[in-house]
Amino acid sequence: MRLTCRLLFAGSVLWSLSITAAIEPISTSIAVGMAAALTGFLARYQNVLYYFQECCRPEWISHNKTGLKYDLNTKLFGQHVAAQVILKAVTGFMNNENPKKPLVLSLHGWTGTGKNFVSQIIAENIYQKGMTSSFVHLFTATAHFPHEAHIDTYKTHLQEWIRGNVSICPRSMFIFDEMDKMHPGLIDSIKPYLDFYENLDGVSYRQAIFIFLSNAGGEKIVEVALNFWKEGREREEIQLKDLETALSLSVFNNKNSGFWHTSLIDKNLVDFFVPFLPLEYKHVIQCGLAEMVSKGRAPDKEVVETMARDLNYFPKEERIFSMQGCKIIPARLDFYI
């Protein structure tokens, strides 16, 4: 079991002093005095030491609402629905000192629309070390659960991993990528940890965050976006209510999804189904310019537009929505610079 924020050296020093006192009775008073002084020193400077090792403490885990809002508004392109839902859901949960259940978010949409990126943004505005934090755990279906024959073993290991890490830090985050490739029913093995229990075997999961990422339901989201476009309505008019119910039903009935007939949906344990809309040409341009800046280059719109024009869009004639989104931009952009 990993130890967190333990001042192990203090214990070893005090133990050493007690041994010295036992061997040399004359120095007992000196040893006791030194031990008392050391204990006082450690108590006084303990909080300073916490800054040098990641701990399950506010110094390392705290919600940055301003930072989350800024990142969602300036770094996530074309996803006004997702940005609004994520900001309210995460902020409300983190501000609640006594939540009744863990926060469970399910992010849906085609590849390249920003689901993984949003998970990163959330982590960076809660944990000082972001995605590299010891308290953020990423599972990828094809890497961690590749063989259907081992499903029972996966269930056991997954339960043990979640239980063990929440025991260490109640404010843990678990991200499940490629839910559409996960064996149906596997995610049901952690249902008890997402429910309204005060604790299970002495462990409370109510402060944990679970995020599921999936391409499942993407067709339904695209259908809504296309209908708005055909009716001449603005993209920004699309609201969560236009998508959430149809999206949850689509995912629930998708046999190729880890959510297929899952009790998580049946028992309403998913707090929000968050839709990610297909990106348009203008959003691809925004992603390209942002990528140039991240590479340390001056943004060159002409270069980015050349790259964007060569990507695939649909419907075929109108070329409204990008088929690849922003996911391939980092690799493609290098070719045009």
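- Hydrophobic clustering places Phe145 together with Leu138 (ILVMFWY residues linked when any side-chain heavy atoms are closer than 4.5 Å, directly or through intermediates).
- With rounding to the nearest 0.5 Å, the separation of OG in Ser172 from CD in Gln207 is 10.0 Å.
- Looking at every heavy atom in both residues, Cys56 comes nearest to Pro170 through SG-CD, 3.9 Å.
- Put simply, the side chain of Tyr313 reaches to within 4.5 Å of the side chain of Tyr281, judged on heavy atoms.
- The main-chain N or O of Leu200 is never found under 3.5 Å from a side-chain atom of Ser204 such that the two would form a donor-acceptor pair.
- At least one donor-acceptor pair under 3.5 Å links the side chain of Trp60 to the backbone N or O of Gln53.
- Between the CZ atom in Arg332 and the SG atom in Cys326 there is a gap of 13.0 Å [rounded to 0.5 Å].
- Taking the centre of each ring, Phe314 and Trp229 stay at or above the 6.0 Å mark.
- With respect to Asp271 and Lys101, a salt bridge is recorded, a charged nitrogen being found less than 4.0 Å from a carboxylate O.
- When all heavy atoms are compared, the tightest approach of Leu247 to Lys220 is N-CG, 4.5 Å.
- Contact check for Tyr205 versus Tyr197: no side-chain heavy atoms found under the 4.5 Å cut-off.
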Run the numbers on Leu277 and Phe321 for side-chain contact (heavy atoms from CB on, under 4.5 Å), then give the verdict. CA-CA 9 Å; Leu277 301 169; Phe321 301 116; over 6 Å; no

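- Using a 4.5 Å cut-off between side-chain heavy atoms of Ile, Leu, Val, Met, Phe, Trp and Tyr, with links allowed through other members, Leu279 and Phe117 fall into different hydrophobic clusters.
- A distance of 9.5 Å separates OG in Ser214 from CE in Met182, rounded to the nearest 0.5 Å.
- Residues Pro275 and Leu240 approach most closely at CD-CD1, 3.6 Å, considering heavy atoms.
- Under the 30°/60° scheme for interplanar angles, the aromatic rings of Phe212 and Phe176 are found to be tilted.
- Nearest heavy-atom pair across Thr113 and Pro278 is CG2-CA, 4.3 Å.
- Here the side chains of Val274 and Ile86 are in contact, with some heavy-atom distance below 4.5 Å.
- In terms of modelled atom types and a separation under 3.5 Å, the side chain of Arg235 and the main chain of Gly78 share a donor-acceptor contact.
- Between Glu291 and Val304 there is no side-chain heavy-atom pair separated by less than 4.5 Å.
- A donor-acceptor pair is defined here as one N or O able to donate and one able to accept, closer than 3.5 Å; such a pair exists between the side chain of Asn73 and the backbone of Lys69.
- Between the side chains of Thr140 and Glu178, no donor N or O sits under 3.5 Å from an acceptor N or O.
- For Glu234, the CD atom counts as loosely surrounded, since its 6.0 Å shell holds 12 or fewer non-hydrogen atoms of other residues, nucleotides or ligands.
- Here Asp334 pairs with Lys295 in a salt bridge; the nearest charged N to carboxylate O distance falls below 4.0 Å.
- Remark: the His283 side chain and the Ser322 side chain contain no N/O donor-acceptor pair separated by less than 3.5 Å.
- Considering Asn125, Thr91, Asn95 as possible partners of His63, the one that fulfils the side chain to side chain donor-acceptor pair (under 3.5 Å) test is Thr91.
- Within the 4.5 Å cutoff, the side chain of Phe210 has no heavy atoms near those of the Leu269 side chain.
- Taking 4.5 Å as the limit, some side-chain heavy atom of Tyr127 sits within range of a side-chain heavy atom of Met173.
- When all heavy atoms are compared, the tightest approach of Phe93 to Pro102 is CE1-C, 3.9 Å.
- More than 12 heavy atoms of other residues, nucleotides or ligands lie within 6.0 Å of CD in Glu236, so this atom counts as buried by the packing criterion.
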Carefully, step by step, assess Val293 and Arg297 under the rule side-chain contact (heavy atoms from CB on, under 4.5 Å). CA-CA 5 Å; Val293 172; Arg297 294 178 174 273; over 6 Å; no

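- Counting only heavy atoms from C-beta outward, the side chains of Glu219 and Trp110 approach each other to under 4.5 Å.
- Note on Phe77: it does not cluster hydrophobically with Leu107, by side-chain heavy-atom contacts below 4.5 Å among ILVMFWY residues.
- The backbone N or O of Glu223 lies less than 3.5 Å from a partner atom in the side chain of Asn227, making a donor-acceptor pair.
- Cluster annotation: Val222 is connected to Ile320 through the hydrophobic network of ILVMFWY side chains, with a link wherever side-chain heavy atoms come within less than 4.5 Å.
- Aromatic rings of His108 and Phe273 (six-membered ring for Trp) have centroids within the 6.0 Å cut-off, being under it.
- Rounded to the nearest 0.5 angstrom, His147 NE2 and Ile151 CD1 are separated by 12.0 Å.
- The number of heavy-atom neighbours closer than 6.0 Å to NZ of Lys191, taken from other residues, nucleotides and ligands shown, is above 12.
- For Glu148, the CD atom is loosely surrounded, since the number of other residues' heavy atoms within 6.0 Å does not exceed 12.
- Remark: the Glu54 side chain and the Ser133 side chain contain an N/O donor-acceptor pair separated by less than 3.5 Å.
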Please step through side-chain contact (heavy atoms from CB on, under 4.5 Å) for the pair Met131 and Ile175, ending with a clear verdict. CA-CA 10 Å; Met131 290 296 294; Ile175 303 170; 3.9 Å; yes

Could you walk me through whether His144 and Tyr154 pass the side-chain contact (heavy atoms from CB on, under 4.5 Å) check? CA-CA 8 Å; His144 294 99; Tyr154 295 151; over 6 Å; no

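- Residues Lys155 and Asp188 form no side-chain contact, since every pair of their non-hydrogen atoms from C-beta on lies 4.5 Å or further apart.
- For Glu302, the CD atom is loosely surrounded, since the number of other residues' heavy atoms within 6.0 Å does not exceed 12.
- Minimum interatomic distance between Leu213 and Ser119 (heavy atoms only, all atoms of both residues): CD2-OG, 3.4 Å.
- Checking each of Leu158, Ile162, Val166 against Tyr193 for a side chain to side chain contact (heavy atoms under 4.5 Å, CB included) leaves exactly one that passes, namely Ile162.
- Counted within 6.0 Å of CE on Met323, heavy atoms from surrounding residues, nucleotides or ligands total 12 or fewer; the atom is thus considered open.
- Taken from CG in Asn312 to CD1 in Ile328, the straight-line distance is 8.0 Å, to the nearest 0.5 Å.
- In this structure, Ile190 is a member of the same hydrophobic cluster as Val203, with clusters built from ILVMFWY side-chain heavy atoms closer than 4.5 Å.
- Asp310 and Tyr336 share a side-chain donor-acceptor pair at under 3.5 Å.
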